[in-house]
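Residue numbers begin at 1 in each chain, while the letters A, B, ... track the order of the sequences. Scope of the values below: all heavy atoms of this structure, side chains included, with no hydrogens, waters or symmetry mates.
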Protein chains: 2
Amino acid sequence: MDKPSVTSADVARLAGVSQSTVSRSFDSSSRISDGTRQKVFAAADELGYQVNKAAQTMIKKRSDLVGLVTAGLADPFRSEFLNSLVLEIQNNGLRPMVIDVSDTHTIDVQLQSLIQYQLSGVIITSGTPSEAVAKTFIKRGTPVVLVNRADHSSEADIVNLDNEKAGALAAEALMKAGKRKLMVVRSKVASYSSVKRTKGFLDKLSPFVKQGSISLEEAFCETGNYHGGAQFGADLLASKHYPDGVFFCMDCIACGFLDALKQSNTLAVPTDIAVIGCDDISIARYQSYDLTTVRQSPQKMAAAAVSALQKRLKQPNTKPIQQKVSVELVFRGTLTESNTL
Amino acid sequence: MDKPSVTSADVARLAGVSQSTVSRSFDSSSRISDGTRQKVFAAADELGYQVNKAAQTMIKKRSDLVGLVTAGLADPFRSEFLNSLVLEIQNNGLRPMVIDVSDTHTIDVQLQSLIQYQLSGVIITSGTPSEAVAKTFIKRGTPVVLVNRADHSSEADIVNLDNEKAGALAAEALMKAGKRKLMVVRSKVASYSSVKRTKGFLDKLSPFVKQGSISLEEAFCETGNYHGGAQFGADLLASKHYPDGVFFCMDCIACGFLDALKQSNTLAVPTDIAVIGCDDISIARYQSYDLTTVRQSPQKMAAAAVSALQKRLKQPNTKPIQQKVSVELVFRGTLTESNTL
DNA sequence: TTGTAGGCGTTATCAT
DNA sequence: ATGATAACGCCTACAA
């Protein structure tokens with residue numbers, strides 16, 4: 001059943017040229033006479049020839065694979081982001097290989113083994129590799145791009161959302177709406193993004209807290225998803241100690257919280273309590289939530305990550321680039337713009 | 001900056017053995033004396049040696065990459081399914097390469113180009129390749145697994161959800177609940193799954209329709225997502241011609257529909273109108289929707305797809321396998337089990 | 001512009 | 001059990 005695959009030598013024979021001419025015909029930067037190239041393409045078409053990437057990789061010491069390191073793909077924002085990354089990688093003539101590191105303590109071992117693939121780069125969206133492992137790649141000439149992982153690293157390029165700005169925008173909007181008993185909520189398990197968003201929120205408000213014009217509380221939910229938010233909401237209602245404005249570091253948590261409120265019917269949104277989320281996942285637009293949120297663009301994040309990777313491939317020795325992607329506040333039902341006027 | 005990568009020859013030199021011994025040491029099926037293997041591993045560790053997959057692929061004529069063909073990854077069910085597939089592939093010692101074919105009319109060209117990668121297999125979850133292209137792979141010894149694409153194909157292995165059973169279960173439940181004016185809704189753009197689910201629903205009910213004991217209507221929404229469902233709901237309410245039980249071929253459409261109902265407050269769920277979805281995406285469990293639905297297990301689907309692929313790799317010449325994965329009805333708020341007693 | 005020839009790092013075959 | 005050697009298919013000097 002196994003048909004021997006057709007090689008450039010086969011094409012060469014049929015086209016009546018040398019094997020190297022065939023090879024060159026498929027390299028757009030090689031100068032080949034028009035006639036020859038035509039002949040070669042015709043022969044290649046006839047035989048159904050496709051370049052063997054493995055052989056190509058051996059010579060060039062680089063495959064066209066990009067490692068996409070993530071912990072799961074089903075989380076709402078994550079799936080949107082990975083979707084954008086896959087498209088962006090594909091549009092750059094590269095191929096995404098997905099590596100799931102949900103088992104986060106094995107990340108270094110898993111990354112090490114990626115050396116086998118002569119990757120064109122690694123984009124890390126979950127987990128943080130040790131400096132040593134990151135260096136292994138960079139020394140080999142394999143770009144490493146960290147997305148929302150840290151502020152600076154000795155060697156890797158970095159793309160971060162403007163997380164602090166996100167927190168600050170939420171804080172501002174709640175202030176303008178006249179809310180005075182504020183709260184910021186993130187998952188107990190700290191992520192870089194959540195910590196930064198929280199910090200942005202707190203920093204923006206700290207002068208007012210000092211003045212005593214507002215009260216401010218930092219709170220945590222058990223898990224960074226819908227159910228964590230729902231649980232958090234139920235607990236808060238039970239405590240009978242309510243804020244009048246809350247910023248959630250992730251939309252999905254905010255949605256869970258809103259559902260908890262809805263069920264108890266104790267507090268009206270946004271009059272009694274305003275809610276702001278972060279990310280603008282598609283669920284935030286659902287009528288049941290209609291969540292005011294700080295939007296980030298997965299497309300912009302993906303484009304920034306891939307372009308950082310490409311730049312590094314072209315100029316391996318320039319110093320690491322650190323980039324911040326902008327955010328914007330989107331008003332919906334859980335804090336309307338008119339509230340803030 | 002580019003450090004020359006360490007090869008098995010380097011390891012051999014350090015370990016004081018031949019290069020082939022190093023190669024064999026990393027092949028568990030090769031018999032090597034314990035002492036030698038220890039030496040080799042020690043040397044490999046010291047140098048940070050990793051097998052070069054490109055070279056390996058050249059010889060074996062097969063990489064450990066599995067092509068995962070999909071149209072987008074952000075749709076709720078799709079992201080859960082791909083998540084399971086990625087994990088399953090990884091746990092089988094393979095690597096997932098994602099190919100986005102949102103641009104569905106280019107699928108044949110895109111698939112052809114995958115020949116370049118000497119894949120261990122291709123799992124197609126979106127789009128349907130032409131017979132000719134599928135054959136190209138299979139002739140090469142590259143397994144092709146179609147997931148929810150068709151009933152039979154000349155050569156490829158097939159994994160389908162038991163889509164008809166899904167429709168039938170929904171129909172039964174609505175009948176038992178005493179609903180008599182039934183409707184089934186799917187996206188205007190037909191997908192294999194939706195068509196089969198609809199068929200299962202209609203077939204189950206057709207005897208009763210003939211008897212005249214129930215009325216049954218087939219309807220379509222513009223898009224196969226939340227917004228399609230919301231739009232559909234608004235239109236239905238405007239028409240003032242209401243069914244008392246509806247089966248949606250996808251959960252996300254059902255959620256949009258429920259939100260439209262909620263907004264108008266005309267019909268109570270499930271008393272005036274019962275709603276059943278399909279897939280059991282995580283949103284179906286959200287309190288705002290609490291959707292009764294026909295559950296499918298992405299894990300089971302993924303396991304079936306990958307195991308079909310593995311079997312085919314081991315036994316290339318057995319005839320195509322076709323497999324159906326079971327479904328189960330999950331009662332929640334939009335049609336409670338007590339309704340059906 | 002085109003052809004010739006060497007080598008990329010591995011596995012597999014054949015000796016030993 | 002281990003070592004030597006020949007592929008695998010391509011790219012890239014170098015030569016013509």
Side-chain angles (χ1 to χ4, degrees), chain A residues 2-41 43-44 47-64 113 115-120 140-141, chain B residues 2-41 43-44 47-65 113 115-120 140-142:
Chain A
D2 273 34
K3 213 170 53 178
S5 55
V6 17
T7 74
S8 55
D10 299 330
V11 177
R13 212 168 304 125
L14 180 60
V17 299
S18 75
Q19 184 274 328
S20 39
T21 299
V22 174
S23 176
R24 277 189 281 253
S25 300
F26 285 92
D27 174 16
S28 50
S29 71
S30 251
R31 255 161 256 313
I32 288 275
S33 86
D34 267 14
T36 312
R37 192 168 251 149
Q38 301 265 325
K39 268 194 303 186
V40 170
F41 283 175
L47 299 175
Y49 169 73
Q50 297 281 150
V51 175
N52 182 324
K53 290 280 186 188
Q56 203 172 58
T57 299
M58 287 223 39
I59 291 286
K60 300 203 165 176
K61 295 177 170 312
R62 173 164 290 152
S63 70
D64 58 2
S113 76
I115 296 276
Q116 303 179 325
Y117 296 92
Q118 325 287 103
L119 302 177
S120 273
R140 282 192 78 263
Chain B
D2 273 34
K3 214 169 55 177
S5 54
V6 16
T7 73
S8 54
D10 299 330
V11 177
R13 211 168 303 125
L14 181 60
V17 298
S18 75
Q19 185 274 329
S20 12
T21 298
V22 174
S23 177
R24 274 190 285 254
S25 300
F26 285 92
D27 173 17
S28 49
S29 72
S30 251
R31 253 159 257 314
I32 288 276
S33 87
D34 267 15
T36 314
R37 192 168 251 147
Q38 300 266 325
K39 268 195 303 187
V40 170
F41 283 175
L47 299 176
Y49 169 72
Q50 297 282 149
V51 174
N52 182 325
K53 289 281 185 188
Q56 200 172 61
T57 299
M58 286 223 40
I59 284 288
K60 300 203 165 178
K61 296 178 168 310
R62 174 165 290 152
S63 71
D64 58 3
L65 259 33
S113 76
I115 297 277
Q116 302 179 325
Y117 296 93
Q118 324 288 101
L119 301 177
S120 273
R140 282 192 78 263
T142 305

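- Backbone-only contact: Ser33(A) has heavy atoms under 4.0 Å from sugar-phosphate atoms and none from a base.
- Ion pairing between Arg24(B) and Asp27(B) fails under the 4.0 Å rule for side-chain N and carboxylate O.
- The distance from atom NZ of Lys39(B) to atom OG1 of Thr21(B), rounded to the nearest 0.5 Å, is 9.0 Å.
- Judged by distance alone, with hydrogens and angles left aside, Ser20(B) brings a side-chain donor or acceptor within reach of the base of dA4(D), the pair sitting under 3.5 Å.
- Rounded to an integer number of Å, the gap from Gln50(A) CD to dC10(D) P is 11 Å.
- In this entry the distance linking CZ of Arg62(A) with C1' of dC11(D) reads 15 Å, nearest Å.
- The nucleotide whose nearest atom lies closest to any side-chain atom of Ile59(A) is, among dT10(C), dG9(C), dC10(D), dC10(D).
- Taking the charged nitrogens against the carboxylate oxygens, Asp34(B) and Arg37(B) have no contact shorter than 4.0 Å, which rules out a salt bridge.
- The interatomic distance linking Gln116(B) (CD) with dC11(D) (P) rounds to 10 Å, in whole Å.
- Here the C1' atom of nucleotide dC11(D) and the CZ atom of Phe26(A) are 14 Å apart, to the nearest Å.
- Closest approach of Ala54(B) and Asn52(B) over heavy atoms only: N-OD1, 2.8 Å.
- Between Lys60(A) and Arg37(B), the residue anchored nearer the 5' end of DNA chain D, judged by the nucleotide with its closest heavy atom, is Arg37(B).
- The rotation axes computed at either terminus of the helix from dT1(C)-dA16(D) to dT16(C)-dA1(D) lie 30° apart, taking five pairs at each end and rounding to 10 degrees.
- Between Gln19(B) atom CD and dT11(C) atom C1' there is a gap of 8 Å when expressed in whole angstrom units.
- Here Ser23(A) lies in heavy-atom contact (under 4.0 Å) with a base.
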Test Thr57(B) against Tyr117(A) for side chain to side chain contact (heavy atoms under 4.5 Å, CB included), laying out the working first.
-> CA-CA 10 Å; Thr57(B) 299; Tyr117(A) 296 92; over 6 Å; no
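- One interatomic measurement links the two molecules: CZ of Arg13(A) to P of dG9(D), which rounds to 11 Å at whole-angstrom precision.
- As rounded to whole Å, 16 Å separates atom P of dA7(D) from atom CE of Met58(A).
- Nearest nucleotide to the Arg24(A) side chain, out of dT10(C), dA13(D), dC10(D): dA13(D).
- Looking at heavy-atom distances under 4.0 Å, Lys61(B) makes contact with sugar-phosphate atoms alone, never a base.
- Once rounded to the nearest 0.5 Å, the distance linking CD of Gln118(B) with CZ of Arg140(B) reads 5.0 Å.
- Among the protein residues, Thr21(A) comes within range of the sugar-phosphate backbone only, with heavy atoms under 4.0 Å from sugar or phosphate atoms but none that close to a base.
- One interatomic measurement links the two molecules: NZ of Lys39(B) to C1' of dT2(D), which rounds to 11 Å at whole-angstrom precision.
- The side chain of Gln56(A) approaches dC11(D) more closely than any other nucleotide in the set dA12(C), dC11(D), dC8(C).
- When heavy atoms are screened at a 4.0 angstrom cut-off, Thr57(A) is found touching no nucleic acid atom at all.
- Between Ser18(A) and dT4(C), a side-chain N or O to OP1/OP2 separation shorter than 4.0 Å is absent.
- Counting non-hydrogen atoms under 4.0 angstrom, Tyr49(A) reaches the backbone sugars and phosphates but no base.
- In the set dA1(D), dA12(C), dC11(D), dA1(D) carries the atom at the smallest distance from any side-chain atom of Thr36(B).
- A pairwise comparison of heavy atoms in Ala15(B) and Val40(B) identifies CB-CA, 4.1 Å as the closest pair.
- For Asp10(B) against Val6(B), the heavy-atom pair with the smallest separation is OD2-CA, 3.3 Å.
- In this structure, Val22(A) reaches neither bases nor backbone, as no heavy-atom distance under 4.0 Å exists between it and the strands shown.
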